Amino acid sequence: MEIKVVPMTADHLEELEKLERICFSRPWSRKMLAEELENECAAFLVAEDAATGQVVGYAGLLVVADEGYITNVAVFPAYRRRGIATQLIQVFINFAKGNRLAFLTLEVRPGNAAAIALYQGFGFKEAGRRKNYYDLPKEDALILTRVFGDEEDAQ
C-alpha cells in the first residue's frame, strides 16, 4: 500500500477522533484536534492510503522556539507494521533538521515496546521519566529525545 502524508484538515477530524478513541486511554476530542488547525505552532500530519484517501494514521508536532514536541502518533490497528508511523516521524525529523530545531521530544508508555523501538531507530534516547503520567492503567512516561546539531545531522 502506498501512503500519502498530507497536512491535517477539518475533513480528517471525524476519522482522527475515532483513531484517538481506539489508541489512547485519554483520547483527544474532535474539538481538541480542531483547535490544532488554528494553532500556528502546530503541525499535524495525516497518513492516507494513496489509492483510496482512507485515513490510516496521523501524528502531531508542536514547535516552541527551537524545540519540537511530538504530541501524538497513531495508526489504525489494521494498518500497523507497514511503516506508516516511520514515514510520519521521518517528516518530523526532516522538518526539525530543515528548521534547525535543537531537539524533538515525546512521551511514551514504558510498556509500548514497538513505539520505543521505532523512536530509538530514529536516534531518540531516554531523557527521563514523568511519574504517573498515564492513566488507565496508571503508568510513568518515558521521555525520549532526539537532539540535533551534531555532525551527522549537518550532512
Side-chain angles (χ1 to χ4, degrees), residues 1-10 12-13 15-17 19-20 22-28 32-50 55-77 79-135 139-155:
M1 168 188 355
E2 189 178 334
I3 297 302
K4 179 171 64 170
V5 176
V6 299
M8 179 176 75
T9 68
H12 295 121
L13 295 176
E15 284 299 301
L16 296 181
E17 184 182 31
L19 180 55
E20 278 282 320
I22 289 168
C23 294
F24 301 112
S25 61
R26 294 258 183 231
W28 286 30
M32 292 167 72
L33 289 162
E35 287 171 353
E36 296 304 329
L37 291 171
E38 308 300 320
N39 183 348
E40 291 182 8
C41 297
F44 277 66
L45 302 174
V46 176
E48 298 176 340
D49 180 319
V55 171
V56 296
Y58 94 110
L61 176 69
L62 297 177
V63 177
V64 180
D66 66 345
E67 303 172 357
Y69 298 88
I70 297 174
T71 58
N72 297 350
V73 178
V75 175
F76 278 105
Y79 295 96
R80 290 183 184 157
R81 305 200 61 77
R82 298 188 192 186
I84 294 165
T86 298
Q87 290 180 58
L88 291 165
I89 298 298
Q90 186 63 60
V91 173
F92 289 158
I93 297 282
N94 295 346
F95 174 87
K97 289 179 179 181
N99 289 278
R100 293 185 162 52
L101 297 187
F103 63 82
L104 288 176
T105 191
L106 56 90
E107 290 95 4
V108 63
R109 285 183 184 269
N112 191 342
I116 292 168
L118 169 71
Y119 301 130
Q120 287 175 335
F122 279 109
F124 284 78
K125 294 182 174 31
E126 187 174 338
R129 280 184 177 254
R130 296 196 199 285
K131 286 301 233 181
N132 299 317
Y133 183 80
Y134 293 107
D135 291 325
E139 195 171 6
D140 292 351
L142 291 180
I143 302 166
L144 300 181
T145 302
R146 162 81 186 263
V147 176
F148 295 94
D150 52 6
E151 289 181 26
E152 60 128 341
D153 291 326
Q155 297 175 3

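Since this is a predicted model, take the numbers as computed values, not measurements.
- The side-chain heavy atoms of M1 and Y79, taken from C-beta on, include a pair separated by under 4.5 Å.
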Criterion side-chain contact (heavy atoms from CB on, under 4.5 Å) on D49 and K4, from CA distance to verdict:
CA-CA 6 Å; D49 180 319; K4 179 171 64 170; over 6 Å; no

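- With hydrogens and angles ignored, the 3.5 Å screen pairs no side-chain donor or acceptor of N112 with any backbone N or O of V108.
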Assess the residue pair K97 and F95 against the criterion (side-chain contact (heavy atoms from CB on, under 4.5 Å)); give the C-alpha distance rounded to whole Å, side-chain angles, the decisive distance to 0.1 Å, and a yes or no.
CA-CA 5 Å; K97 289 179 179 181; F95 174 87; over 6 Å; no

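- Side-chain N or O atoms of N99 include none that pairs as donor or acceptor with a backbone N or O of L101 at under 3.5 Å.
- Here Q120 pairs with nothing under the side chain to side chain donor-acceptor pair (under 3.5 Å) rule; sequence neighbours left out.
- Residue A59 comes nearest to F92 through the heavy atom pair CB-CE1, 3.6 Å, listed as atom of the first residue, atom of the second, then distance.
- R82 meets the salt bridge (Lys or Arg N to Asp or Glu O under 4.0 Å) test with no other residue; sequence neighbours excluded.
- Scanning all heavy atoms of the two residues, the minimum distance from A85 to V73 falls at CB-CG1, 4.0 Å.
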Going through the distances and angles, do N72 and E20 end up as a side chain to side chain donor-acceptor pair (under 3.5 Å)?
CA-CA 9 Å; N72 297 350; E20 278 282 320; 2.9 Å; yes

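- Looking at heavy atoms from C-beta onward, L104 lies in side-chain contact with F148 at the 4.5 angstrom threshold.
- Aromatic ring centres of Y58 and W28 lie farther apart than the 6.0 Å criterion allows.
- A donor-acceptor pair under 3.5 Å is formed between the side chain of T105 and the backbone N or O of L144.
- Sorted by first and then second residue, the pairs that involve residues 118-133 and meet salt bridge (Lys or Arg N to Asp or Glu O under 4.0 Å), not counting sequence neighbours, are E107-R130, R129-D140, K131-D140.
- Minimum interatomic distance between T71 and L61 (heavy atoms only, all atoms of both residues): OG1-N, 4.2 Å.
- Summarising the geometry of P110 relative to E139, their closest heavy-atom pair is CD-OE2, 3.4 Å, with the distance given to 0.1 Å.
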Apply side-chain contact (heavy atoms from CB on, under 4.5 Å) to residues E67 and F103 and explain how you reach the verdict.
CA-CA 6 Å; E67 303 172 357; F103 63 82; 3.4 Å; yes

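- Counting only heavy atoms from C-beta outward, the side chains of L33 and E36 never approach each other to under 4.5 Å.
- No side-chain heavy atom of F76 sits less than 4.5 Å from a side-chain heavy atom of I84.
- Contact check for L118 versus F124: no side-chain heavy atoms found under the 4.5 Å cut-off.
- For the pair R109 and Y134, the distance from NZ or CZ to the six-membered ring centre is under 6.0 Å and the angle to the ring normal is within 45 degrees.
- Listed by chain and residue number, D135 satisfy the salt bridge (Lys or Arg N to Asp or Glu O under 4.0 Å) test with R26 (two or more places apart in sequence, or in another chain).
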Check step by step if side-chain contact (heavy atoms from CB on, under 4.5 Å) holds for V5 and V46.
CA-CA 6 Å; V5 176; V46 176; over 6 Å; no

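- Taking both residues in full, the closest heavy atoms of F24 and A74 are given as CE1-CB, 3.9 Å, listed atom of the first, atom of the second, then distance.
- Nearest heavy-atom pair, V75 versus L19, reported as atom, atom and distance to 0.1 Å: C-CD1, 3.6 Å.
- For the atom pair CG of L62 and CD of E40, the computed distance is 13.0 Å after rounding to the nearest 0.5 Å.
- E35 pairs by the salt bridge (Lys or Arg N to Asp or Glu O under 4.0 Å) definition with K31, not counting sequence neighbours.
- Applying the salt bridge (Lys or Arg N to Asp or Glu O under 4.0 Å) test to D66 and every residue at least two apart in sequence or in another chain returns nothing.
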